[in-house]
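Chain naming here is simple, since letters A, B, ... match the order of the sequence lines and numbering starts at 1 in each. Predicted, not measured: the structure shown is a model, and the values here were computed from it.
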Amino acid sequence: MNTERIRTATVSESAQRNDQTAPTTLAYREGQPLYAGRTDPRTINGWGADLDRSRRPAYPKEHTPPRLEVPWNEPEPQLQNIEVLTSVEHVQRPPVFGTVQPPSGLSGVLRRAAFGWAEADIRHWLVLILADRINVVEGVIEDLARGHVPNVFAEMGWKAKYKYNKRGFFTKIAVMSAVAGLGVYLLTRDRSED
Amino acid sequence: MLAMNYRGPYRVRAQQKPQPKIEHPNDAIIRVTRACICGSDLHLYHGLVPDLRVGHTFGHEFTGIVEEVGPSVTKLKKGDHVLVPFNVFCGSCFFCQKELYGNCHSVNPQATALGGAYGYSHTAGGYDGGQAQFVRVPLADVGPYVIPSDISLDDAVLLTDVFPTGYQAAEMAEIKEGDTVVVFGAGPVGIMAAKCAWLMGAGRVIVVDHVEYRLEFVQRFAQCEIVNFREVDDVATHLKRMTDGLGPDSCIDAVGAEAEGSALHKITGVKLLMQAGAATAVQWAINSVRKGGVISIVGVYGPTFNFVPLGNALNKGLTLRMNQASVKRHLPRLIEHIQAGRVKPSEIITHRVPLEEVADAYHIFDNKLDNCIKTVLIPPAVVH
C-alpha cells in the first residue's frame, strides 16, 4: 500500500498545448515517475490515444446530428397481443415492447394496481416488489401443478458451492440442520406439554 | 429451446421454453453463441430489481447468428454473426437523435426513466435476454453490429456492455492529461474503466476494492495502483493522502447498489430496502474527489432514492455525470482499440460454462468463487 505523500506538479507542456492548463494532482513528470513502483503512463500501450476529446465517441454527451443511419422516422407500431402495463408518465404507449411474462394471478393484480401510481411515487415500486415476492410463490405452485418439484438446492448452485466452498457448504448444512432440529424439538415439546 | 429461467431470489435454472418469434416487422431472431453474466445481473439474481417476473430470462451481453429476420429488416441477413448492444433502442426518438441510445423513449412502456435492455426485468421493457439458445432482437436495423472478421467472439461479447460501459465511465470522468483517476470496484466494468482511463491520458489510476484476487488482476491488467479498503481506516482520507491532500481529479463508481464497506448503507439499502441500494461508492467518491472534480457513475442503482452527501458535492463544486452506456456509438472506436492491440477485453474472461449449468455459474460469480471475474455461458450446440 502506497501511503506516502506526493508533490503536486503541473501539467506537461504537451497538455498545455492542448489548452488543458489547470494544475492537476499529477503523478509523473515527463519520462520519470515520481515514485518507484508507480507506472509511467507513457510505457502503457495506447496511453493518450483518446486524449484528444474529438476521438472520444461519447463526446459531447449529446451528439447531433446522430451518426447512425436509421431507416424510419419512427418505428412501426408493434401489434399488441398480450397485456402490457404502461407507466402513467408516458403520454402514449411506446411503439415497441417486450411480450414475455404478461401479468397474471395475484401478482398480476398487484402489478396492475402499481401502475396506477407514477414512477415518482414510491408506492409504485414497493407494490411491484411485493408482487415479485408473491410471484415467486406462484412459480412454485405452477411447478407443482405441472408435476415438477423444484430442486431448490440445484437452482441455488449448491453443486458449485460444494466444489469451490466446502467450508461454506458444510457450515450452511450445519446451520440449517440446527434450525430444523430446534424447530422439531419445539414442536415436539409443545405437543408433549399439551 | 433451452434458456436460463428466474424462479426467485438466488434461484435460477436452465429450462426448456418456447422459441421466440418475430413480433414486429423489424425483429430478428438470433441464435446465441456467447452470453455473459454481468455484475448487474446479480441485482436481478438477488431479487432487488422491481417488476422482475418469474420465468424471465436474463442476459444483456450476447453474440449470435441471425436465424430469421422480419419483413422490414434490410441491414441484416440470415447467417450474419452479430454482437448485440445491451440497449434496445429505436435510433429515431428525441433521445436517440442525440445519440443517447441508452435513454431511448420508444421501447419501454413500463418506465420513462429507463430505456430498454435485454433480460433486465419489465422495468427495462420486458424483453427476455440472451442467456438462451435464441433471443428476439427488436429493431434489428439499428441495434446489432456485424462482428468484423478479425475480432474474436470473446472480444465481441465484451463489446456489448463491459468494454463500452467501462470506456464511457472513463469518458464521463472528463479525464485530462495527467489526471489522477480513482475507480471504485474491481469487477469487470471497473477493470475496463481503469484500462480506458489510460487511453484518455490519465497520469495515475488507482482502483479500490476489497477482493484481493480482483485487485491483483486489475493491477496486472490495467497497470494501476490498488487500494484494499478493508486495510485502511477511512477511504477518503487515505485517497487524499495519496494525492497530496487534494483528492483525485475524478472518481468512477463501478460498483452500484450492492456495495460492501458500509454497514449502514448495506443494511438500509440492501437488507431493508429503505434506499435504492447501498450507495457506499458514491459517498466515498464525493468525499474523496478534489474540489471541482468529476464523479462518473455507471454502477446500477434502483429507481427510488439513495442517501448520498449532496451537501459535500455542492460545497466542493463537483460535477456528477452518469448514464447507461450508449453502446452503439462507442463500437467503431472500441473495435479500433482492439484491432490496434491496445485493449484485449477477452483477457478478463475466467469461466466458460455450459448454459445447462447456469445455476452453478451464477453461484460462482455471485460468491466470487474460484477467482471468478467474468463468466461466459455457452448454449448447447455451439462450438467453444
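- Contact check for B:Q223 versus A:W47: no side-chain heavy atoms found under the 4.5 Å cut-off.
- Chain B is approached within less than 4.5 Å, heavy atom to heavy atom, by A:R93, A:P94, A:P95, A:V96, A:F97, A:G98, A:T99, A:V100, A:Q101, A:P102, A:P103 from residues 92-103 of chain A, ordered by number.
- In this structure, the separation between CG on B:D360 and NZ on A:K159 is 5.0 Å, given to the nearest 0.5 Å.
- Proximity of A:P71 to B:V142: side-chain heavy atoms (C-beta onward) are separated by under 4.5 Å at one or more points.
- Two residues are said to be in side-chain contact when any heavy atoms from C-beta on lie closer than 4.5 Å; B:L139 and A:W72 meet this criterion.
- Considering every non-hydrogen atom in both B:P109 and A:L85, the closest pair reads CB-O, 3.8 Å.
- The choice from A:G46, A:A49, A:A58 that makes the most heavy-atom pairs within less than 4.5 Å of chain B is A:A58.
- No other option in A:E74, A:K161, A:E142 has as many heavy-atom pairs under 4.5 Å with chain B as A:K161.
- Annotation: maximal heavy-atom pairing with chain B below 4.5 Å, among A:A160, A:P57, A:G48, occurs at A:P57.
- In this structure, the portion of B:F89 lying under 4.5 Å from any heavy atom of chain A is its side chain and not its backbone.
- No part of B:E336 comes within reach of chain A, as not one of its non-hydrogen atoms sits under 4.5 angstrom from that chain.
- A:N45 and B:G341 get closest at one heavy-atom pair: ND2-O, 2.8 Å.
- For B:R333, the part lying under 4.5 angstrom from a heavy atom of chain A is the side chain only.
- Closest of all the heavy-atom pairs between A:P41 and B:A202 is CB-O, 3.8 Å.
- Distance OG/A:S104 to CZ/B:R53: 8.5 Å, rounded to 0.5 Å.
- Contact annotation for B:V49: only backbone heavy atoms (N, CA, C, O) come within less than 4.5 Å of a heavy atom of chain A.
- Put simply, the side chain of B:L100 reaches to within 4.5 Å of the side chain of A:E62, judged on heavy atoms.
- Only the side chain of B:Y167 comes within contact range of chain A, judged by heavy atoms closer than 4.5 Å.
- Taking CG of B:L199 as the reference point, atom CZ of A:R55 lies at 11.0 Å (rounded to 0.5 Å).
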Cut-off 3.5 Å, no hydrogens considered: what does the side-chain donor-acceptor table look like for residues 128-137 of chain A, sequence neighbours left out?
from   : atom 1 : to     : atom 2 : distance (Å)
A:D132 : OD1    : A:R111 : NH1    : 2.6
A:D132 : OD1    : A:R111 : NH2    : 3.4
A:D132 : OD1    : B:L52  : N      : 3.2
A:D132 : OD2    : B:D51  : N      : 2.9
A:D132 : OD2    : B:L52  : N      : 3.2
A:R133 : NH1    : B:G47  : O      : 3.3
A:R133 : NH2    : B:G47  : O      : 2.8
A:N135 : OD1    : A:R111 : NH2    : 3.1
A:N135 : OD1    : B:V54  : N      : 2.9
A:N135 : ND2    : A:E138 : OE1    : 3.1

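- B:H24 places a side-chain N or O within donor-acceptor distance of the main-chain N or O of A:E76, the cut-off being under 3.5 Å.
- Of the atoms belonging to B:H337, it is side-chain heavy atoms, and not backbone ones, that fall under 4.5 Å from chain A.
- Of the listed residues B:L334, B:D128, B:T74, the one with more heavy-atom pairs under 4.5 angstrom with chain A than any other is B:D128.
- The interface of residues 163-184 of chain A with chain B, defined by heavy-atom distances below 4.5 Å, comprises A:Y164, A:N165.
- Closest of all the heavy-atom pairs between A:T64 and B:Q97 is CG2-O, 3.3 Å.
- Comparing B:E23, B:E174, B:K195 by how many heavy-atom pairs each has under 4.5 Å with chain A, the most go to B:E23.
- Atom NE2 of A:H148 is separated from atom CD of B:Q15 by 6.5 Å, given to the nearest 0.5 angstrom.
- Using a 4.5 Å cut-off between heavy atoms, B:L273 contacts chain A through its side chain alone, with no backbone atom that close.
- Contact annotation for B:K17: only side-chain heavy atoms (C-beta onward) come within less than 4.5 Å of a heavy atom of chain A.
- Minimum interatomic distance between B:R11 and A:P150 (heavy atoms only, all atoms of both residues): NH2-CB, 3.9 Å.
- Closest heavy-atom contact between A:E69 and B:K75: O-NZ, 2.8 Å.
- Heavy atoms of A:F115 lying under 4.5 Å from chain B belong exclusively to its side chain.
- If you measure heavy-atom distances from B:Y362 to chain A, you find no contacts under 4.5 Å at all.
- One N or O on the side chain of A:R56 and one on the backbone of B:M200 form a donor-acceptor pair closer than 3.5 Å.
- Counting heavy-atom pairs closer than 4.5 Å to chain A, the top-ranked of the candidates B:G8, B:A276, B:P50 is B:P50.
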Would you please test B:R7 and A:D143 for side chain to side chain contact (heavy atoms under 4.5 Å, CB included) and show each step? CA-CA 10 Å; B:R7 306 310 300 173; A:D143 270 343; 3.6 Å; yes
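- Interface remark: B:C96 contributes backbone atoms only to the contact with chain A (heavy atom separation under 4.5 Å).
- Contacts with chain A were tallied for B:D366, B:V107, B:L48; B:V107 has the most, counting heavy-atom pairs under 4.5 Å.
- From B:S92, atom OG reaches atom CG of A:L68 across 10.0 Å, with rounding to the nearest 0.5 Å.
- Interface residue B:C90: backbone and side-chain heavy atoms are both found under 4.5 Å from chain A.
- Look at B:E171 and A:K61 and you find no salt bridge, because none of the NZ, NE, NH1 or NH2 atoms lies under 4.0 Å from a carboxylate O.
- With contacts defined as side-chain heavy-atom distances shorter than 4.5 Å, the pair A:S87/B:Q110 does not qualify.
- Interface residue B:S106: backbone and side-chain heavy atoms are both found under 4.5 Å from chain A.
- The stretch residues 115-125 of chain B places B:H122, B:T123, B:G125 near chain A, each with some heavy atom under 4.5 Å from a heavy atom of that chain.
- Put simply, the side chain of A:Q78 does not reach to within 4.5 Å of the side chain of B:P25, judged on heavy atoms.
- Put simply, of B:A111, B:G91, B:P9, the one with the most heavy-atom pairs under 4.5 Å next to chain A is B:A111.
- Between B:K98 and A:H63, the closest side-chain pair of non-hydrogen atoms is not below 4.5 Å.
- With chain A as partner, the option from B:K328, B:Q168, B:R136, B:E357 having the largest number of non-hydrogen pairs under 4.5 angstrom is B:R136.
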